[in-house]
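First comes the structure, then the notes that go with it.
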2 protein chains.
Amino acid sequence: MSATGVRRPARADARRNYDLLLGKAHDVFTEHGTDASLEEIARRSGLGIGTLYRHFPTRDALVEALLRDRFEAMRQAAERVRDEPPYEALAQWLRKFIAGAATYQGLPASVVAIMRQPGSELYASCHGMRDAGLELIAHAQQAHVIRDDLKPTDVLALVGAIAWVGQQTPEDAGQPDRLLALVLDALTAPMKARPTA
Amino acid sequence: MSATGVRRPARADARRNYDLLLGKAHDVFTEHGTDASLEEIARRSGLGIGTLYRHFPTRDALVEALLRDRFEAMRQAAERVRDEPPYEALAQWLRKFIAGAATYQGLPASVVAIMRQPGSELYASCHGMRDAGLELIAHAQQAHVIRDDLKPTDVLALVGAIAWVGQQTPEDAGQPDRLLALVLDALTAPMKARPTA
DNA sequence: ACCTGAACACCGTTCAAGT
DNA sequence: ACCTGAACACCGTTCAAGT
C-alpha cells in the first residue's frame with residue numbers, strides 16, 4: 001500500500017541534507033504557503049537547487065514527506081473511534097481534519113484534490129486518511145445519527161471547503177468551528193431544500 | 001459611489017486596444033483561471049505588455065473590469081427580490097452567487113477576499129453585491145424563515161467556499177447545488193452542535 | 001551515490017524612448 | 001495621450017560535470 005513516494009536516504013551526508021531540506025521546507029511553507037519558492041528552500045538550506053530536486057522530484061513529494069505522519073495519525077484516529085458514539089466521533093474527527101488540512105496556506109486545495117487524483121505521491125498517504133473519514137461518515141449514517149441521503153464524499157468536500165475559507169480570513173480564527181457546527185446541524189436535519197435546476 | 005478603478009478610454013485607438021485586451025483576457029482567464037499569464041493576454045491581443053499595464057495597472061483591475069456588470073446585476077437582483085418570499089428569494093440568489101463566483105478558476109478566492117479588503121478596485125464593485133447579499137440574509141432572519149443565530153458573513157463565506165470546492169472537482173457539476181441544498185437545510189434547522197474547544 | 005550550478009524557458013513589472 | 005519592448009528580478013526544472 002504505502003510504497004509511497006520519497007524515501008529517507010541511507011548515506012549519512014544525504015540523510016543530513018534530506019532532513020535539512022524538510023525542516024527548511026516546513027519553515028518556508030509555514031511562512032508563504034505550499035506555493036512558496038523551492039529555490040528559497042534550497043537557499044535557506046545552503047544547498048543547490050539540484051539537491052532539492054534529487055530528494056524531492058516534485059513539490060507534492062515534499063509536501064507529502066512533511067505531512068505523511070500526520071495523515072497516518074488521522075487515519076488511525078478514525079479507526080480508533082469506530083466503537084464510540086458515532087456522532088461525537090465524527091464531529092471530533094472532522095474538527096481535526098479541518099485543522100490538519102489548514103496546516104499550510106494552500107494545503108486544503110491539495111487535500112480536496114485527493115478526491116480525483118488517486119495516483120500521485122501526496123495522495124497515497126492522504127488517501128488513507130480520506131477513506132477512513134468516508135467510513136466514519138458512512139458508519140454514522142448506518143447508525144442513523146446523521147441523515148443517509150448524502151454522499152460521504154460531499155460531506156468531506158464541504159468540510160474541506162470550510163478549511164479553505166478559514167484560511168482566507170485568518171483574522172477570524174473561530175470561523176471554521178462555527179461553520180462546522182452549522183454543517184453538523186445540517187447532517188442531522190431532514191432534507192427540505194431540493195437542488196432545483 | 002462607483003468611482004471604480006479603470007475607465008474605458010476616450011481616444012478611439014486606445015479604446016480599441018482596451019476592448020481587445022478585455023476580450024482576450026476573458027478568453028485566457030476562461031482557459032487558465034485568474035492566475036493566467038498577463039503576457040499571454042498581451043501577446044494574443046497583438047499588443048505590448050506595457051499597453052496592458054497602462055490600461056489595467058493590476059491584475060485585479062482587469063478582473064474587475066470583466067466582472068463589473070455582472071456584480072452590479074447581482075446587487076440589483078438582490079434588491080429586486082426584497083418583497084418576495086424571503087426564503088426562496090435567498091435560495092435563488094445564493095445559487096446565482098455561486099455561479100457568478102465560479103466564472104473563472106480562482107475567482108472564488110477573490111470574491112471571498114472581499115470580506116476584509118474594502119479598499120481595492122475589484123472590491124468596490126464586488127462589495128455592492130456582497131452587501132446586498134448580507135441584507136438578503138438578514139432580511140430572511142428578521143422574517144424568521146432562517147435561524148437568526150448566524151452571522152450573515154459566515155453564511156456568505158460558506159457559500160463562497162462551496163463555489164471554491166465546486167471548482168476543484170469540475171467533473172461533478174452537480175456538487176455545488178447539492179452542497180447548497182445542505183447548507184440551506186442547516187439555515188432552517190435549530191442549533192444543536194456547539195463549537196467546543 | 002550524491003552534489004552542484006549553469007542553462008533554458010518563462011513570468012511580473014517598470015520605464016526610457018518613441019509616435 | 002498613448003504605445004512599445006528592452007531591462008531587471010525572479011522562478012521552475014533539467015542535466016552535464018564534478019566528488
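Keep in mind it's a predicted model, so treat the numbers as computed, not measured. A note on names: the letters A, B, ... follow the listed sequences, proteins ahead of strands, and every chain is numbered from 1.
B:Leu66 CG to B:Thr34 OG1: the interatomic distance, rounded to the nearest 0.5 Å, is 11.0 Å.
Atom CD in B:Glu40 sits roughly 14 Å away from atom C1' in C:dA9 (whole-Å rounding). Distance, A:Asp35 CG to D:dC11 C1': 12 Å, rounded to whole Å. To the nearest angstrom, P of C:dG12 lies 15 Å from CZ of B:Phe56.
For residues 150-167 of chain A, the set of pairs meeting the salt bridge (Lys or Arg N to Asp or Glu O under 4.0 Å) definition, not counting sequence neighbours, comprises A:Asp154-B:Arg178.
With sequence neighbours left out, A:Arg70 forms a salt bridge (charged side-chain N to carboxylate O under 4.0 Å, His left out) with no residue at all. A:Ser37 meets the side-chain hydrogen bond (donor to acceptor under 3.5 Å, both in side chains) test with no other residue; sequence neighbours excluded. Under the side chain to side chain contact (heavy atoms under 4.5 Å, CB included) criterion, B:Asp148 pairs with B:Gln141, sequence neighbours left out. Under the rule for a side chain to side chain contact (heavy atoms under 4.5 Å, CB included), the partners of A:Ala157 that lie at least two apart in sequence or sit in another chain are B:Val165, B:Gln175. In terms of the side chain to side chain contact (heavy atoms under 4.5 Å, CB included) criterion, residue partners of B:Ala102 (sequence neighbours excluded) are, by chain and number, B:Gln167. In this structure B:Glu88 satisfies the salt bridge (charged side-chain N to carboxylate O under 4.0 Å, His left out) test with no other residue, sequence neighbours excluded. Evaluation of the salt bridge (charged side-chain N to carboxylate O under 4.0 Å, His left out) rule for A:Asp131 yields no partner, not counting sequence neighbours.
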Below 3.5 Å, can you tabulate the donor-acceptor pairs from side chains in residues 77-85 of chain B to any protein atom, sequence neighbours excluded?
from	atom 1	to	atom 2	distance (Å)
B:Glu79	OE2	B:Arg75	NH1	3.2
B:Arg82	NH2	B:Glu135	OE1	2.0

For nucleotides 1-3 of chain D, list the nitrogen or oxygen atoms of the protein found under 3.5 Å from its nitrogen or oxygen atoms, one pair per line.
from	atom 1	to	atom 2	distance (Å)
D:dC2	OP2	B:Arg54	NH1	3.4
D:dC3	OP1	B:Asn17	ND2	2.1
D:dC3	OP2	B:His55	NE2	3.1

Got a list of protein N/O to nucleotides 13-17 of chain C N/O distances below 3.5 Å?
from	atom 1	to	atom 2	distance (Å)
C:dT13	OP2	B:Tyr53	OH	2.8
C:dT13	O5'	B:Tyr53	OH	3.3

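Note on B:Ala36: only backbone sugar-phosphate atoms sit closer than 4.0 angstrom, heavy atoms only; bases stay farther off. Backbone-only engagement by A:Arg43 is indicated by non-hydrogen atom pairs under 4.0 Å involving sugar-phosphate atoms exclusively.
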For DNA chain C, the expected dot-bracket line (Watson-Crick or G-U under 3.5 Å, [ ] crossing, | inter-strand) is ||.|||||...|||||.||

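Inter-residue side-chain proximity for A:Arg95 and A:Val159 is flagged as unmet; no heavy-atom pair is nearer than 4.5 Å.
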